[in-house]
Amino acid sequence: MKRIVVLSGAGLSAESGLGTFRDTDGLWTKYDLEEVATPQGFSRNPALVHDFYNARRANMRAAAPNAAHAALARLSQSPGVTLVTQNIDDLLERAGASGVIHMHGELDRALCAACGHRWTAPDVMTPDAPCPACAAGPTRPDIVWFGELPYHMETIEAAVTEADLFVSIGTSGTVYPAAGFVELARAVGAETLELNLEGSGGRFDTVREGSATDVVPGWVAEITGDA
Ligand code: NAD
Ligand code: APR
């Protein structure tokens, strides 16, 4: 079995009803990301940030995994497969995937900015809710914001530099360091494949255009021999 790294973005969960960021009706056309997705925004107005993520958490908990999540969950059971996602939803896990690496954090988790304690986020988080461990707070969604370092970078870079195949699914490839993983893969001679609604600009050996639920299951079936 080839060593495969799959990087996914918001397009993977779009057909489950969760918004993307930079499409015509994307989240960043409705919200100022500086206000809701930066540490500075959280310091200025934590209630606004909690409202933003409380709404997204409610959407996530009401959503269901789609056929692309289910296909990747099947793939994740094969040896040598690493699923990395920029997404903060838990739809891959709810589809049965194991070992998913969330480089931008997880909406399902809360973080204490004072002591680093993490716990399952309640449906509604508020600025005055104390940390269950230290009570000092402030508590925030366990999300990596613009300007912050993503999680698990050493693990991700090790997997990408050992990959035989790097696959990008449903991401515009505009935010670093995730946007640079394809170059890292090419530098070590890995084959690169993009599965996206539209190709994101010629950086991949192969591009298969289509919605995630159309193109991902077929590709996974080819890889696992179930085609
Ligand atoms: P960046 O390239 O992501 O953004 C550069 C700056 O431009 C940031 O300050 C950001 O606020 C702003 N920006 C980015 N896209 C924008 C847009 N579409 N419209 C308006 N302003 C925009 O570089 P960065 O700030 O160093 O962020 C990269 C780090 O932040 C990485 O670690 C990444 O994983 C993380 N990140 C997390 C989120 C999130 O919402 N969880 C979003 C983006 C980046
Ligand atoms: N199937 C497949 N791809 C889709 C679908 C779909 N049904 N719908 C949209 N897409 C594609 C778009 O063509 C686009 O390439 O998904 C991508 C969405 O891009 P973005 O909105 O930029 O989302 P993403 O790439 O995940 O953003 C990266 O930016 O703001 C940060 O932290 C945030 O993790 C996010 C990061």
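The structure presented is a predicted model; accordingly, all values stated were derived computationally and were not measured. One-based numbering, in listed order, for ligands and for the atoms of each. Residue indices begin at 1 and follow the sequence shown.
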Shortest reach to atom 8 (N) of ligand 2 by a heavy atom, considering only Leu197, Thr174, Val216
Leu197
When rounded to the nearest 0.5 angstrom, what is the spacing between CG in Leu27 and CG in Leu33?
10.5 Å
Test of proximity, Ala14 against ligand 2: N or O pairs below 3.5 Å
no
Per-atom contacts of ligand 2 with Gly9, taking only distances under 4.0 Å to non-hydrogen atoms:
26 (O)
As a quick check of understanding, evaluate side-chain hydrogen bond (donor to acceptor under 3.5 Å, both in side chains) for Arg56 and Asn59, giving each step before the final call.
CA-CA 5 Å; Arg56 291 179 66 192; Asn59 288 343; over 6 Å; no
Could you check whether any side-chain N or O of Ser16 sits under 3.5 Å from a backbone N or O of Ala64, counting only pairs where one atom can act as donor and the other as acceptor?
yes
Side-chain contact, heavy-atom cut-off 4.5 Å: Leu193 with Trp219?
yes
Does Ala10 reach ligand 2 with a nitrogen or oxygen that is under 3.5 Å from one of the ligand's nitrogen or oxygen atoms?
yes
Return a yes/no value for Asn196: is any of its N or O atoms, backbone included, closer than 3.5 angstrom to an N or O of ligand 2?
yes
More than 12 heavy atoms of other residues, nucleotides or ligands under 6.0 Å from CD of Glu198: yes or no?
no
State the atoms of ligand 2, each with its element, that fall below the 4.0 Å cut-off from a heavy-atom position in Thr171.
15 (O), 17 (C), 24 (P), 25 (O)
Could you tell me whether some N/O pair between Gly170 and ligand 2 is separated by less than 3.5 angstrom?
yes
N/O donor-acceptor pair under 3.5 Å between Glu15 side chain and Thr213 backbone
yes
If you measure every N/O of Arg22 against every N/O of ligand 2, is any gap under 3.5 Å?
yes
Ala212 to ligand 2: N or O pair under 3.5 Å?
yes
Between His102 and Asn87, is there a donor-acceptor pair closer than 3.5 Å when you use the side chain of the first and the backbone of the second?
yes
Hey, which atoms in ligand 2 end up nearer than 4.0 Å to a heavy atom of Phe146?
30 (O)
Which of the atoms of ligand 2 are close to Asp23, meaning less than 4.0 Å from one of its heavy atoms?
9 (C), 12 (C)
Run the numbers for me: atoms of ligand 2, each under 4.0 Å from some heavy atom of Gln86, listed by number.
28 (C), 34 (O), 36 (C)
Is any side-chain heavy atom of Leu91 closer than 4.5 Å to a side-chain heavy atom of Leu18?
yes
When you look at Ser13 and Asp89, which way does the side-chain hydrogen bond (donor to acceptor under 3.5 Å, both in side chains) test go after all the steps?
CA-CA 8 Å; Ser13 300; Asp89 64 62; 2.7 Å; yes
Could you tell me which atoms of ligand 2, counted from 1 in the order shown, lie closer than 4.0 angstrom to a heavy atom of Glu15?
1 (N), 6 (C), 7 (N)
